[in-house]
2 protein chains.
Amino acid sequence: MAKARLCEDFNEECRDIVEQLFVNFISYSKKQTFFHEGDDIGIMFLVCSGWAARAIHLADGRRQITEIFLPGDLFPVHASISQGVIEDEIVALGECRVTTCSPGALNEASRQTNALTRTLWWLSQRDAAILRMWIAMNGQYRVYERVAHLVCEVLERLKHVGLGEGNRFDFPLTQQEIGDIIGATPVHVSRSLKQIRDAGLLDIQGGVLQVHDLERLQKAAHFNPGYLNPR
Amino acid sequence: MAKARLCEDFNEECRDIVEQLFVNFISYSKKQTFFHEGDDIGIMFLVCSGWAARAIHLADGRRQITEIFLPGDLFPVHASISQGVIEDEIVALGECRVTTCSPGALNEASRQTNALTRTLWWLSQRDAAILRMWIAMNGQYRVYERVAHLVCEVLERLKHVGLGEGNRFDFPLTQQEIGDIIGATPVHVSRSLKQIRDAGLLDIQGGVLQVHDLERLQKAAHFNPGYLNPR
DNA sequence: GGCTCCGGATAACTTATGTTGTGGCATCGG
DNA sequence: CCGATGCCACAACATAAGTTATCCGGAGCC
């Protein structure tokens, strides 16, 4: 987190403000659901380490992960319960450490610091761009392309906060969870991973993913990082 | 538009403000692209009649529609060009009439009227919920379920602004365009539509869609309108 | 009238992906 | 040590969806 440099506007001043605002540390363990205390007010989370995900539970029992939160990501949890039905949940993917802050305090600080305002705006734009890209991924790409694209996106996002050095990073997802992201069965995820592995593009061992040939991986994924750098 | 009642907070006052702010009328014809004038500043569009869409053009030439804008919808068009690459475009689906406003003026008005602030927040929440649902649609549903779900969503959204009476509404999409939304080939869209038609659920004739049995259609689509009513 | 063009229906065939089941190999707790 | 359990690999098979092609009807155009 210390090395975080999300966007041009995220400067020293922003970092100091954020570090002052986010004080309570919480740890969630694998598969633990983030509780939404104070539904009306909501709460802001900032990921320190580990991954979390937002997932929709569909009527027929299937699950779709719609967003993943990596170290440095900021996201709100507000009333996600509408009409008595749990629309979606936030869940830890592996051990996940976060800090929290009230949306009110963050908004107040943002009113006083232009750079923070712009950073928050940038974050929301980027998140929307990712959502749109995932729609395209799930709609247009083959499963092995989706797997490759997911890895490329995660690596790129990690690099924004100073992680992923040597194209190597902690990768806590099971194949079932990858499937829940890209809309595929775990069996097919396994098949596709083998294909990518056999092509010498990457390896996953002991929860650590190592990209061997980023250029070819990005090509296979039709990956273009533009959408991760809005404006 | 006169009957628009998006959310609880969208009251008489809001409507008056919006009608004062949005003054320039523009008409776009089928397949015409919305130009983004003043990339830095951006511009807000409010749809009066017709449909528009935001689409991503992927590296290999495929196209994915990521959002559709119906009468009453409000959306920004800002710099959608990043690093010299056109990331996405806004295009009219059939004849589309809109009005415009500068984001600055809207923000200013929103600072002065709480109900408007909340309405704008509600809209952005709803749009994000739709994006997430489309990820789930494309990831988890069969093609005929996706077609059914799309129709259910559009009908529900139209009803929010006083349209779609008698479960009947203008439907300007070609099968190709439906395919670009749900991630399927036009041939398969045709097949699925036939299936839905043969089941007596709906009919499309002369650009008008008539739902015959909404309850069964929603069931076939696993449709739950909760996500369209955030908070 | 007779063009062309576009959107739609449908058929035959191919392929990507899902389904079901089996077995291996860790890890964990008694 | 044993037996559970969870994750992964793989195989055989079933099916949803893509591909390619043809035909048809309506809209526009000369």
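In what follows, chains carry the letters A, B, and so on, assigned in the order in which the sequence lines appear, proteins first and then strands, with residues in each chain numbered from 1.
- B:Glu153 and B:Arg157 are joined by a salt bridge, as a carboxylate oxygen and a charged side-chain nitrogen come within less than 4.0 angstrom of each other.
- Side-chain contact between B:Phe22 and B:Met44 is present, with heavy atoms from C-beta onward closer than 4.5 Å.
- When the C1' atom of C:dC25 is taken as reference, atom CD of A:Gln205 falls 14 Å away, rounded to whole Å.
- You can see that DNA chain D meets the heavy atoms of chain B within a 4.0 Å-exclusive cut from D:dA16 to D:dT20, reading 5' to 3'.
- When the nearest nucleotides of DNA chain C are assigned to B:Gln176 and A:Val189 by heavy-atom distance, the more 5′-ward of the two goes with B:Gln176.
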Look for any protein N or O under 3.5 Å of an N or O in nucleotides 14-17 of chain C and output each such pair with its distance, or none.
{"residue": "C:dT17", "atom": "OP1", "partner": "A:Val143", "partner atom": "N", "Å": "3.1"}
{"residue": "C:dT17", "atom": "OP2", "partner": "A:His188", "partner atom": "NE2", "Å": "3.4"}

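- Enclosure of atom NZ in A:Lys30 by more than 12 non-hydrogen atoms of other residues, nucleotides or ligands within 6.0 angstrom is indicated.
- In terms of position on DNA chain D, the residue among A:Gln175 and A:Gly139 whose nearest nucleotide sits closer to the 5' end is A:Gln175.
- The CG-C1' distance, from B:Leu193 to C:dG8, rounds to 10 Å in whole Å.
- Using a 4.0 Å heavy-atom distance criterion, B:Ser190 is classed as a base contact.
- Judged by distance alone, the side chain of B:Gln140 and the main-chain N or O of A:Leu58 form no donor-acceptor pair under 3.5 Å.
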Intermediate values then yes/no, side-chain contact (heavy atoms from CB on, under 4.5 Å), A:Phe171 and A:Val208 = CA-CA 5 Å; A:Phe171 190 82; A:Val208 175; over 6 Å; no
Determine, stepwise, if the pair B:Cys96 / B:Val47 fulfils side-chain contact (heavy atoms from CB on, under 4.5 Å).
-> CA-CA 7 Å; B:Cys96 183; B:Val47 180; 4.3 Å; yes
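- Under the 3.5 Å distance criterion, the side-chain polar atoms of B:Glu177 are matched with a main-chain donor or acceptor of B:Thr174.
- Between A:Phe223 and A:His149, the two ring planes are perpendicular [angle over 60°; tilted spans 30° to 60°].
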